[in-house]
Each structure stands twice: as C-alpha cells, then as structure tokens.
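Quick one: structure below, then a few questions.
When a residue number appears, it is its place in the shown sequence, counting from 1.
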Amino acid sequence: MTTIGFYGSSKIDGWRTKLGRHLDDFTLVDLMSPEGQLADIALVWAPPKGELAKMPNLRGIIMQGQGVDYMMRDQTVPRDVPLVRLVDPDMSNALSHWAILAALDFWRDAAYYRDCQTSKTWQPIVQRPASGAKIGIMGVGAIGGIMAQRFAALGFDVRGWARSMRQIDNVEIFAGHDGLAPFLDGLNILVSVLPLTPATTGIMNHQLFNQLAKGAYIINGGRGPQLVEADLLDAIGSGQIAGAALDVFAIEPLPADHAFWTHPKITIWPHVAAQTNPNTAAMQVAAAITAIMAGREPENRVDWARGY
C-alpha cells in the first residue's frame, strides 16, 4: 500500500475521495502524524521547514499547485527525491480568465465608468480601439501559452517571452535575455505568469516599466517577489504606468498597512487567480504517484537547477 502524507489545506477528505477514483491500494494521512512521517509520497503546499527531510521512506514530493518557489527556498528538502509541480488544465483556464478580466477592465475603462455610476455622471469618453492593443505575456509555458492564444483570439496583438524559443500560433515569441527589450518595447499591457527564480526576482522594476508604452498596465499573476513594489508606485505616480492588477505579493497575506490596499489605481486579489481544483488535478497527481512508485520518471518533474 502507498502511504501519502498530506499537508497544506483543510481539504484532505476531498483529495482522498478524488484520488480514490484513480488510485488503488493507498492511504492518505496527515503528514504531521506518526503515520504521515513514514509516508512514501508527500502531497503538499508549503510544509514546515525541515519536515520532509525527516521522512525516511520518502520517494516523491508532489505539489498541490504550480508554484515551487517555497520548496526552492527550503534547503532541507531532499534534492534527490523527485519534485513534481501541478500543471492542471483547470488552473490554466482560471488564470487565463483572470488575466483577460483584468486586461479588459483596464482597456475598456471600467474603473472610470464605475466612478461615473457612483457620482451619477453620464460622461462617455473615447473608446480605445477594439483591436491592435499590444499585450505581452511573460512566461509562455503551460499556462502562459494558453493565455496568449486566448488574448490573440480577442484581437489583441500578442507577444510572448520565454526562456527559450517556441512556436505559438498568432503570437510573436521573444526568447532569452536578448529578447526581453524588443518584447517589452511599446507594450500597452504586460502580464507576468513567470515562475520565481533568481533571474525573475525583481524583474518588474523601473527599467522594465520605462520600456513599455506610456500609460501601460501591469498584471501580475506570477509571484510577488518579481515586482519591485516601490518602483511600481513611483511609475504610477509619474504616469508611466496607468495602474495594476495584482494577485501575488512579496508578503502574503498583504499587510493591512501596505500602500497597495488604498491605492486608487491598484486592484488587489488575494492569490485567487487560479486555485487548485481537486476534481481536475486528482488524475495528474495519481499518475505522478503511480510513476514514482513504479520507478518511472513522472511528468512535470521540477529541475532543481532551473527552478521550475
């Protein structure tokens, strides 16, 4: 029997039921229990530092979401054990919906018209063109690639930036360090769904903002530390950046005294752009467990050196 140690949410019963549709002969237990400490597999999100290193039977670590930056920061996590990130189609759909919602809210001046409704003012402004807006997606992998295609289907002029070159229909792709400047040049909307690595930490800063079109909009659904918060506030204050929709932050929950909460041009989302859905994720988790227990390479295994 495979023992799965679970840590990271209060939904253990739901996971047990969903995994039972795809796995035989397993038990799902609390990772912090004596039985959990002897588990073969850890199904986790942000476990306490050092706990995974205490598990003598550990054969694989499976994340309950896509991000793995927490695991990268914990130097006690065994690097010789396969680490698998969740690449759930439902998360790709949800994050695409969120980014499109944020982009259209900006492009169609929804904040202005909400203010008009509050003041009972009937005052139309000139509509931006329905096509031709330049939008850039930083990170066109499993999630960003789908997002880019959906923006293209809406008539946006879409660019993608990735670590290495790839092909996406109706999307102009730029790659690597040399491709970043031409990718950014003149963008009206910038969306980040990048993984957090040393190379992406602080990537959204003064230098980057100044390469965008004046009055551009920032949408961050990647990771909070990718954004230099003081630089964003300065760029909005100068008018270089029109505003931002943010789902992720350097410190979460966002502190109550943070300037973002009350800023009229920043929209706060509490890390909910794409939540893990056990209904759609269970099959992928079960497949990873089956592969690991059979001694095979699981899909979506994380490269520790690359960071994702």
Checklist entry - Is the shortest distance from a Lys or Arg side-chain nitrogen in Arg114 or Asp105 to a carboxylate oxygen in the other one below 4.0 Å? => result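 Salt bridge between Arg114 and Asp105, a charged N being under 4.0 Å from a carboxylate O: yes.
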
Checklist entry - Does the side-chain hydrogen bond (donor to acceptor under 3.5 Å, both in side chains) test come out yes or no for Thr276 and Gln64, once each step is laid out? => result CA-CA 7 Å; Thr276 303; Gln64 294 172 26; over 6 Å; no

Checklist entry - Does Arg128 make a cation-pi contact with Phe106 (under 6.0 Å, within 45 degrees of the axis)? => result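 Ring-cation test returns yes.
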
Checklist entry - Which distance, rounded to the nearest 0.5 Å, do you find between the CG of Leu19 and the OG1 of Thr27? => result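 The OG1 atom of Thr27 is 11.0 Å from CG of Leu19, to the nearest 0.5 Å.
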
Item to check | Gln211 side chain vs Gln207 backbone, donor-acceptor pair below 3.5 Å | outcome: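 Yes.
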
Checklist outcome for this item: Heavy-atom nearest pair, Val81 first then Trp304, reads O-NE1, 4.0 Å

Item to check | Donor-acceptor contact below 3.5 Å, side chain Asp109 vs main chain Tyr112 | outcome: no

Next on the checklist: I need the Asn188 CG to Lys214 NZ distance, nearest 0.5 Å.
Outcome noted: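 Here the interatomic distance stands at 13.5 Å.
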
Checklist entry - Should the heavy atoms of other residues, nucleotides or ligands under 6.0 Å from CD1 of Ile125 be counted, would the total exceed 12? => result yes

Next on the checklist: Checking the side chain of Asn57 only, and the main-chain atoms of Leu38 only, is there a donor and an acceptor separated by less than 3.5 Å?
Outcome noted: yes

Next on the checklist: Using 0.5 Å steps for rounding, measure from the CG atom of Leu58 to the CD atom of Glu51.
Outcome noted: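 The CG atom of Leu58 sits 12.0 Å away from the CD atom of Glu51.
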
Checklist entry - Hey, mind stepping through Met138 and Leu208 against side chain to side chain contact (heavy atoms under 4.5 Å, CB included) and telling me if it holds? => result CA-CA 12 Å; Met138 299 178 76; Leu208 180 147; 4.2 Å; yes

Item to check | Aromatic plane relationship, Trp15 with Phe6 - under 30° parallel, 30 to 60° tilted, over 60° perpendicular | outcome: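 Correct class here is tilted.
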
Checklist entry - Near Lys49 NZ, under 6.0 Å, is it more than 12 heavy atoms from other residues, nucleotides or ligands? => result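 Check fails, neighbour count at 12 or below.
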
Item to check | Approximate separation, where rounding is to 0.5 Å, of Asp185 CG and Leu212 CG | outcome: 9.0 Å

Checklist entry - Should the ring pair Trp269 and Trp98 be called parallel, tilted or perpendicular, given that the plane angle runs from 0 to 90° and is split at 30 and 60? => result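 Geometry flag for Trp98 against Trp269: perpendicular rings.
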
Checklist entry - Quick one: does Asp231's side chain have a donor or acceptor within less than 3.5 Å of a partner on His206's backbone? => result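 Side chain of Asp231 to backbone of His206: a pair is present.
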
Next on the checklist: Could you measure the distance from the NE2 atom of His258 to the CD1 atom of Ile251? Nearest 0.5 Å is fine.
Outcome noted: 7.0 Å

Item to check | Residue Glu297 excluded, over 12 heavy atoms near CD under 6.0 Å | outcome: yes

Checklist entry - Between Arg159 and Lys134, is there a donor-acceptor pair closer than 3.5 Å when you use the side chain of the first and the backbone of the second? => result no

For residues 164-182, run the donor-acceptor check on the side chains, cut-off 3.5 Å, and write out each pair with its distance to 0.1 Å, sequence neighbours left out.
unit_1 : atom_1 : unit_2 : atom_2 : d
Arg166 : NE     : Ser164 : O      : 3.4
Arg166 : NH1    : Val140 : O      : 3.1

Checklist entry - So how far is it from Thr2 OG1 to Met293 CE, rounded to the nearest 0.5 Å? => result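 Atom-to-atom, Thr2:OG1 and Met293:CE are 4.0 Å apart.
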
Checklist entry - Would you say Met283 has more than 12 foreign heavy atoms packed within less than 6.0 Å of its CE? => result no

Checklist entry - Looking only at atom types and distance, does a side-chain atom of Thr121 sit under 3.5 Å from a main-chain N or O of Gln123, one as donor and one as acceptor? => result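 Checking the backbone N and O of Gln123 against the side chain of Thr121, no donor-acceptor pair under 3.5 Å is found.
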
Next on the checklist: Whether the Asn300 and Gln66 side chains hold a donor-acceptor pair (N or O, under 3.5 Å, no angle test) is what I'd like checked.
Outcome noted: no

